[in-house]
Amino acid sequence: RKEVEQDPGPFNVPEGATVAFNCTYSNSASQSFFWYRQDCRKEPKLLMSVYSSGNEDGRFTAQLNRASQYISLLIRDSKLSDSATYLCVVNRGGGFKTIFGAGTRLFVKA
Amino acid sequence: EAGVVQSPRYKIIEKKQPVAFWCNPISGHNTLYWYRQNLGQGPELLIRYENEEAVDDSQLPKDRFSAERLKGVDSTLKIQPAELGDSAVYLCASSLDRGLSTEAFFGQGTRLTVV
């Protein structure tokens with residue numbers, strides 16, 4: 001089992017839809033969490049950090065459940081430009097490891 | 001501000017040949033990472049530097065891969081000899097420090113094809 005696992009995808013949604021991605025992590029020493037976005041043939045870029053209290057940035061909402069070792073990303077009112085791969089990223093102590101999930105591919109269609 | 005710069009962008013080599021990748025991190029970033037990303041997978045860390053010191057190279061295949069970061073700025077990653085399974089995108093990233101909440105900035109990567 002991988003240390004960070006994401007929904008396999010791909011997700012195909014119409015414009016305006018709400019879509020949610022899930023991510024689970026297995027190491028309880030994990031301390032910080034992020035969602036990165038990666039466009040086709042481009043480098044990953046930080047979308048948002050994930051805080052225990054949950055955080056929102058426009059149409060994007062990230063949630064963290066430490067008890068269940070679970071992270072989520074909600075995208076409301078999907079746009080064509082949201083089409084990308086969304087990578088769940090976990091940093092843990094004890095050597096400061098950064099672990100990327102395999103990513104979930106999103107296609108938003110007109 | 002310039003981002004992380006990598007070169008070359010693309011490289012095609014025959015198996016058993018050597019290859020080298022170069023990375024120039026964002027100015028002032030102490031921490032530098034090399035990742036390998038296979039198709040359909042997330043990036044996997046190969047090596048992490050803090051200044052010129054390699055602090056995590058546990059995932060670097062040391063029989064054929066080597067890296068250096070002279071003077072704590074630019075870095076090179078070398079593969080010798082390359083194998084077919086080394087075909088992937090090699091990403092360099094940098095961050096201001098090693099803090100767990102620190103954002104990593106990625107370069108555009110070098111796409112390696114071994115034939």
Side-chain angles (χ1 to χ4, degrees), chain A residues 2-10 21 23-25 27-53 55 57 62 64 66 71 73 84-106, chain B residues 2-7 9-10 21 23-26 29-51 53-60 88-113:
Chain A
K2 293 186 177 181
E3 185 167 343
V4 178
E5 297 210 53
Q6 297 187 238
D7 286 341
F21 303 140
C23 172
T24 58
Y25 60 95
N27 194 311
S28 58
S30 300
Q31 297 185 26
S32 58
F33 311 89
F34 307 87
W35 285 100
Y36 274 69
R37 170 189 169 132
Q38 186 171 26
D39 292 300
C40 188
R41 292 183 169 265
K42 299 288 188 181
E43 71 276 21
K45 292 183 179 179
L46 180 67
L47 177 66
M48 58 196 306
S49 301
V50 187
Y51 303 118
S52 296
S53 55
N55 48 301
D57 182 3
L64 167 64
R66 287 187 183 272
I71 306 157
L73 177 68
T85 296
Y86 291 83
L87 297 161
C88 174
V89 183
V90 173
N91 282 347
R92 58 176 167 85
F96 182 48
K97 289 287 189 182
T98 298
I99 312 295
F100 282 77
T104 301
R105 193 86 184 268
L106 172 66
Chain B
V4 177
V5 179
Q6 291 187 246
S7 68
R9 289 291 310 280
Y10 304 92
F21 314 127
C23 173
N24 180 239
I26 292 173
H29 281 196
N30 299 321
T31 305
L32 182 146
Y33 316 77
W34 282 103
Y35 286 90
R36 176 170 60 189
Q37 186 172 25
N38 291 305
L39 190 64
Q41 299 297 315
E44 293 179 305
L45 182 69
L46 293 174
I47 189 167
R48 175 170 63 89
Y49 284 92
E50 290 180 15
N51 298 303
E53 182 183 0
V55 294
D56 183 357
D57 62 356
S58 57
Q59 299 294 100
L60 190 72
V89 176
Y90 291 82
L91 292 161
C92 178
S94 70
S95 64
L96 194 55
D97 57 42
R98 67 179 295 279
L100 289 171
S101 298
T102 300
E103 177 183 359
F105 294 84
F106 286 82
Q108 291 185 298
T110 296
R111 185 174 298 274
L112 174 67
T113 302

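Just so we're clear, the structure is a prediction, and the values are computed from it rather than from any experiment. Within every chain, numbering begins at 1; the chains are lettered A, B, ... in the order of the sequence lines, protein sequences first and strands thereafter.
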>> Quick check on Leu46(A) against chain B: is it the side chain, the backbone, both or neither that has a heavy atom closer than 4.5 Å?
In response: both
>> Below 30° counts as parallel, above 60° as perpendicular, anything between as tilted: where do the rings of Phe100(A) and Phe106(B) land?
In response: perpendicular
> How many angstroms lie between atom CG of Leu47(A) and atom CG of Leu73(A), to the nearest 0.5 angstrom?
Replying inline: 6.0 Å
>> Between Gln37(B) and chain A, with a heavy-atom cut-off of 4.5 Å, which part of the residue counts as in contact: side chain, backbone, both or neither?
In response: side chain
>> Can you give me the closest heavy-atom contact between Pro43(B) and Leu87(A), atom names plus distance?
In response: CD-CD1, 4.2 Å
>> Taking side chain as everything from C-beta outward and backbone as N, CA, C, O, which of these in Phe105(B) sits under 4.5 Å from a heavy atom of chain A? Side chain, backbone, both or neither.
In response: neither
> Checking heavy atoms, do the side chain of Ala104(B), its backbone, both or neither come under 4.5 Å from chain A?
Replying inline: both
> In this structure, are over 12 heavy atoms from other groups packed under 6.0 Å from Arg41(A) atom CZ?
Replying inline: no
>> Give me the atom names and distance for the closest heavy-atom approach of Val50(A) to Trp35(A).
In response: CG2-CD1, 3.5 Å
>> Report which part of Gln38(A) has an atom under 4.5 Å of a heavy atom belonging to chain B: side chain, backbone, both, or neither.
In response: side chain
